Peer 1: 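The structure follows.
Because the structure is a prediction, the values reported are computed rather than measured.
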Amino acid sequence: MLDKTANNAMAPREMTIAQWLFNPFVRIAGGQALAVGLAVIFASALAASAGGVHFDGLLDFHLGSSVPLQVAVMEGLVNWSVITVLLWLVSLLAAPRTVRLVDIAGTQALARWPLLLAALACIPPAVRQGNEKLVAETLAGRFAMPPAATVVAGLFALACVIWMVSLMWKAFSVSCNQRGGRAAAIFVAALLAGEAATKLLLSLMITVGSS
């Protein structure tokens, strides 16, 4: 169990910047991580709506001509809740006495914070206009070279998604007390299942909402 005593015992007395950026979960977990993580998810939804981007899958970051705030919020919450449930279920099988749902939920929510940076990078006018032009050309069936601003923002977003996956693995490792090759295989399987499940759920929810 990741109680305060255990968490403080495993945490270094002084956290470096690198540790805060790439493994904050040795210092923050449980309800605290959940509160911060949910705030990050909602902030990311605001930025995604302003920047015209979709989180339309567990690991997805796609351009969109217009993204209503309620859709961005739904995407963020569905992506987080699906991977939380999947990791909780597999962890119950692996270590049922040491896993708390609040730890998994909190750390997985917090692990998604790099997407906030990715969405913020798409808000500047040059990037937003370039993204909208590219989306319009694509929808019209025409090939268009992406503007430089779109390329830079896209590469930055890709780096943020990779960063997020790294944080998700660290969160799983710490909150579920899992290490080694078996844990990595379980995590990768959960990611793949989560990607498929979130794509399906979001597609169904959008279809039902628009009917």
Peer 1: Would you indicate whether the side-chain heavy atoms of Met168 and Leu58 approach each other to under 4.5 Å?
Peer 2: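 Result yes, sub-4.5 Å side-chain heavy-atom pair found.
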Peer 1: Identify the two heavy atoms, one from Phe22 and one from Lys170, that lie closest to each other, and give their separation to 0.1 Å.
Peer 2: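 Answer, listing the atom of Phe22 first, then Lys170: O-CG, 3.5 Å.
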Peer 1: Might you point out which heavy atoms bring Ala47 and Leu116 nearest each other, and give the distance in Å?
Peer 2: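 Closest approach of Ala47 to Leu116: CB-CD1, 4.1 Å.
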Peer 1: Tell me, please, which residues at least two apart from Trp113 pass ring pair (Phe, Tyr, Trp, His ring centres under 6.0 Å).
Peer 2: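 With neighbours one apart ignored, the set is Trp163.
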Peer 1: Are Thr150 and Lys133 close enough that some pair of their side-chain heavy atoms sits under 4.5 Å apart?
Peer 2: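 Of all side-chain heavy-atom pairs linking Lys133 with Thr150, none is under 4.5 Å.
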Peer 1: What pair of heavy atoms forms the shortest contact from Val127 to Ala153, and how long is it?
Peer 2: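 Shortest heavy-atom contact: CG1-CB, 3.7 Å.
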Peer 1: So do the side chains of Ile83 and Leu87 get within less than 4.5 Å of each other, counting heavy atoms only?
Peer 2: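 Touching, per the 4.5 Å side-chain cut-off.
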Peer 1: A side-chain contact here means heavy atoms from C-beta on lying under 4.5 Å apart; do Ile104 and Ser91 qualify?
Peer 2: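 When only atoms from C-beta onward are counted, Ser91 and Ile104 do touch, with a gap below 4.5 Å.
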Peer 1: Any side-chain heavy-atom pair from Leu110 and Ile28 closer than 4.5 angstrom?
Peer 2: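 A side-chain contact exists here, since the closest heavy-atom pair is under 4.5 Å.
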Peer 1: Only one of Thr207, Leu202, Leu200 passes side chain to side chain contact (heavy atoms under 4.5 Å, CB included) with Leu204; say which it is.
Peer 2: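 Per the side chain to side chain contact (heavy atoms under 4.5 Å, CB included) rule, the option paired with Leu204 is Leu200, out of Thr207, Leu202, Leu200.
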Peer 1: Please name all residues satisfying ring pair (Phe, Tyr, Trp, His ring centres under 6.0 Å) with Phe187, sequence neighbours left out, ordered by chain then number.
Peer 2: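 Ring pair (Phe, Tyr, Trp, His ring centres under 6.0 Å) list for Phe187, sorted by chain: Trp169, Phe172.
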Peer 1: At their closest point, which heavy atom of Phe61 faces which heavy atom of Ala119, and how far apart are they?
Peer 2: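 Shortest heavy-atom contact: CE1-N, 3.8 Å.
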Peer 1: Measuring only between side-chain heavy atoms, which start at C-beta, is Ile206 closer than 4.5 Å to Asp56?
Peer 2: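 SC-SC contact between Ile206 and Asp56 ruled out.
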Peer 1: For residues Leu191 and Leu59, determine if any side-chain heavy atom of one lies less than 4.5 Å from a side-chain heavy atom of the other.
Peer 2: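 They are in side-chain contact.
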Peer 1: State which residues pass ring pair (Phe, Tyr, Trp, His ring centres under 6.0 Å) with Phe156; sequence neighbours excluded, sorted by chain then number.
Peer 2: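 Ring pair (Phe, Tyr, Trp, His ring centres under 6.0 Å) check on Phe156 returns nothing, list empty.
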Peer 1: Should Met15 and Val26 count as side-chain neighbours, where that means a heavy-atom distance under 4.5 Å?
Peer 2: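 SC-SC contact between Met15 and Val26 confirmed.
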Peer 1: Any chance the side chains of Ser173 and Arg179 put a donor and an acceptor closer than 3.5 Å?
Peer 2: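 Yes - a donor-acceptor pair under 3.5 Å links their side chains.
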